[in-house]
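Just so we're on the same page: letters track the sequence lines, and every chain starts at 1. Owing to the predicted nature of the structure, the values given are computational and were not obtained by experimental measurement.
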Protein chains: 2
Amino acid sequence: MQKRATLADVAAAAGVSVATASKALHNRPRVGAATRERVRRAATQLAYVPNAQAQSLVTGRSSSIGLITSDLGGMFSSPIMIGAEDELGSSSSTVILANARGDAALEKRKLDFLVSRNVDGILVVNDNPNPRIPLDAPIPVVYAYAASVDPADSAVVVDNVHAGRIAAERLLRAGRRHIALVAGEPDFEASRDRLAGSREALEEAGLTFAEEPRFGPWQAEWGRRVARDLLSSGVPFDAVICQSDILAQGCISALISRGVRVPEDVAVIGHDNWGIITRLSAQRLTTVDNNLSEIGARAARRLMDAIDGHPDEGIEAVRGEVVEGETVP
Amino acid sequence: MQKRATLADVAAAAGVSVATASKALHNRPRVGAATRERVRRAATQLAYVPNAQAQSLVTGRSSSIGLITSDLGGMFSSPIMIGAEDELGSSSSTVILANARGDAALEKRKLDFLVSRNVDGILVVNDNPNPRIPLDAPIPVVYAYAASVDPADSAVVVDNVHAGRIAAERLLRAGRRHIALVAGEPDFEASRDRLAGSREALEEAGLTFAEEPRFGPWQAEWGRRVARDLLSSGVPFDAVICQSDILAQGCISALISRGVRVPEDVAVIGHDNWGIITRLSAQRLTTVDNNLSEIGARAARRLMDAIDGHPDEGIEAVRGEVVEGETVP
DNA sequence: CTGTTAGCGCGTTCAA
DNA sequence: TTGAACGCGCTAACAG
């Protein structure tokens with residue numbers, strides 16, 4: 001196995017000094033065209049690839065960023081990470097992974113570790129959408145999915161009001177007028193925002209919910225429960241907005257087991273487009289996708305900008321869109 | 001914001017040379033005890049943290065490894081990554097993420113990129129268990145989940161024969177004697193190995209399958225189909241081994257919709273312990289866990305050993321275990 | 001246009 | 001036991 005060629009090797013092969021070689025390869029101005037070409041050929045010939053450590057030692061930038069996840073392998077982390085990795089990779093920055101497991105102390109240690117490795121910035125990918133305690137770092141930080149509680153911190157999050165709105169609008173467009181809503185846990189800002197968005201859409205159409213929405217746990221059982229209650233209450237309804245796909249799954253199963261046809265009798269729309277549910281269930285669920293990989297990508301871009309000295313303050317909300325399935329006509 | 005203290009700063013503060021300071025902080029022999037203490041205090045006082053780039057520039061090692069995933073966010077990648085990140089993090093190695101998306105060309109580029117960043121080794125985390133084309137890298141490589149087709153390459157994988165065996169044994173222990181099996185896709189080594197293991201266990205108990213197992217797609221529908229066929233065929237059976245949790249899910253739904261009680265009439269055991277299914281379904285599934293995070297951890301350890309000059313050749317199979325649920329009595 | 005010089009922060013000889 | 005000197009590979013002044 002050959003030792004890697006260094007810039008000095010390239011320079012020697014091209015018959016120039018290392019300084020000239022460096023300039024030539026970086027497209028710097030003060031080099032003759034012929035010389036530049038010669039250096040370039042020598043470089044490719046020797047399969048020269050610059051030593052990143054040496055470069056960053058002198059430039060002071062490492063072209064690497066730290067990715068702190070609250071929960072590697074969580075439900076939402078992955079798509080965000082994919083988007084971020086993509087974006088950063090295309091800027092040929094390395095992504096250094098750090099899993100904090102939702103443990104604040106561990107997060108602090110991981111942060112110190114990353115900083116000691118001279119990362120240029122930190123991307124905080126949360127798996128829980130609620131605003132979180134800010135990270136105290138000496139380098140730029142951008143939050144994805146969950147914002148920091150300090151609204152001045154840079155963050156890219158889901159536009160939940162819009163998500164709630166388009167869920168309702170989709171049902172209205174299907175001609176439904178008696179719409180119920182299964183809400184998630186009340187201490188999630190996401191639940192409240194989605195509800196607000198849905199309510200707005202209904203009000204603009206001159207409607208109200210078939211029954212005042214109730215908050216409950218993010219579990220299939222809660223969806224089942226609300227569906228059953230709706231049926232026994234006798235309140236007429238022809239559509240249900242469920243604030244997560246799991247809730248929708250439970251809701252649908254309860255409806256079907258009572259002989260209600262979906263979507264003919266009752267249309268159901270979910271939230272999150274959590275891929276696996278689609279694959280598991282017999283019927284593809286119509287749902288609102290949160291555009292998570294876009295969130296990851298934009299957060300990454302913001303971070304790169306901040307590192308380049310152009311910080312973007314504040315929270316940016318990314319809009320999702322309805323993914324058509326078979327549960328809304 | 002203060003500039004980070006360098007070794008020279010520490011040395012100056014302690015009134016010694018950088019050489020001595022370096023030795024002192026590294027517990028090298030040729031330093032007086034008193035001097036060492038003085039240097040240490042100076043270091044903590046200045047919050048000195050070594051510059052990783054500079055270190056690696058001179059040592060030639062970066063204390064970072066590349067993690068190439070075939071599918072970031074795939075079904076199996078995450079737990080493996082968690083185990084690996086944990087293990088590597090405790091050796092204070094950084095993990096550099098690279099998502100190849102199952103694209104060979106992209107994988108090659110990512111590999112080159114990682115090598116240009118002087119990673120000390122590569123961990124290949126596959127999401128598909130079939131043996132894969134080896135990576136041609138100038139540094140140590142260890143494969144996790146899927147082995148390389150070259151059996152001499154270092155890999156840590158699931159012991160699928162054992163998994164199949166303990167699934168069957170669990171049903172036998174529950175007193176079941178008429179056991180059917182829903183197999184996955186035939187071109188998956190995992191399907192064939194699990195089947196072989198299950199068959200062995202039955203044969204040792206002097207039994208055969210209630211019906212000769214059939215291979216099919218890894219989808220709920222296939223589980224449903226086999227269950228329905230079994231019921232209509234009239235073959236008596238009191239238990240089913242499903243080679244994935246999704247198959248089990250389908251199987252159970254078909255059984256229940258025909259009025260068969262699970263586990264009273266028919267016990268069902270799955271494979272993979274794919275967390276989400278447990279949470280989604282009304283009944284917690286009894287299943288075989290593959291111990292994926294252990295696979296990740298061991299692969300990481302192997303990689304570290306290889307980097308330290310103690311390569312472990314060949315394939316290591318990690319055993320899983322049955323996770324009790326409510327579908328086997 | 002090109003080459004020389006001087007570090008970046010650190011580990012490691014080798015003298016003292 | 002200590003420290004001066006060198007070099008890892010590269011970029012950025014400056015001088016030619």
Answer with yes or no whether the side chains of [Y] and [X] bring together a donor and an acceptor at under 3.5 Å.
X      : Y      : result
B/R61  : B/N118 : no
A/S64  : A/S62  : yes
A/D127 : A/S77  : yes
A/S17  : A/T20  : yes

Taking atom [atom1] as the centre, does [X] end up with more than 12 heavy-atom neighbours from other residues, nucleotides or ligands that are less than 6.0 angstrom away?
X      : atom1 : answer
B/E37  : CD    : yes
A/N27  : CG    : yes
A/R319 : CZ    : no

Taking for B/T59 and for B/R30 the nucleotide of DNA chain C with the nearest heavy atom, the one nearer the 5' end belongs to B/T59
Return the polar atom pairs (N/O with N/O) between nucleotides 7-10 of chain D and the protein under 3.5 Å, or none.
unit_1 : atom_1 : unit_2 : atom_2 : d
D/dC10 : OP1    : A/Y48  : OH     : 2.5
D/dC10 : OP1    : A/N51  : N      : 3.3
D/dC10 : OP2    : A/L7   : N      : 2.2

Rounded to the nearest Å, what distance is computed from the CG atom of residue A/L25 to the C1' atom of nucleotide D/dA12? 16 Å
For A/I139 and A/D120, the nearest pair of non-hydrogen atoms, with its separation, is CB-O, 3.9 Å
Salt bridge or not between A/R301 and A/E294? Use side-chain N to carboxylate O under 4.0 Å. no
Inter-end axis angle, the helix from C/dC1-D/dG16 to C/dA16-D/dT1, with every axis fitted to five base pairs (rounded, 10 degrees): 50°
Just checking A/T35: base, sugar-phosphate only, or nothing, at a heavy-atom cut-off of under 4.0 Å? sugar-phosphate
For B/R28, which contact category applies under a 4.0 Å heavy-atom criterion: base, sugar-phosphate, or nothing? sugar-phosphate
Does B/T20 put a side-chain nitrogen or oxygen below 4.0 Å from OP1 or OP2 of D/dT1? no
Any side-chain heavy atom of B/R109 within less than 4.5 Å of one from B/L106? yes
Is there a side-chain contact between B/F113 and A/T94 in this structure, where contact means two heavy atoms from C-beta onward sitting under 4.5 Å apart? yes
Below 4.0 Å from chain A heavy atoms, what is the first contacting nucleotide of DNA chain C and what is the last? C/dC1 to C/dG9
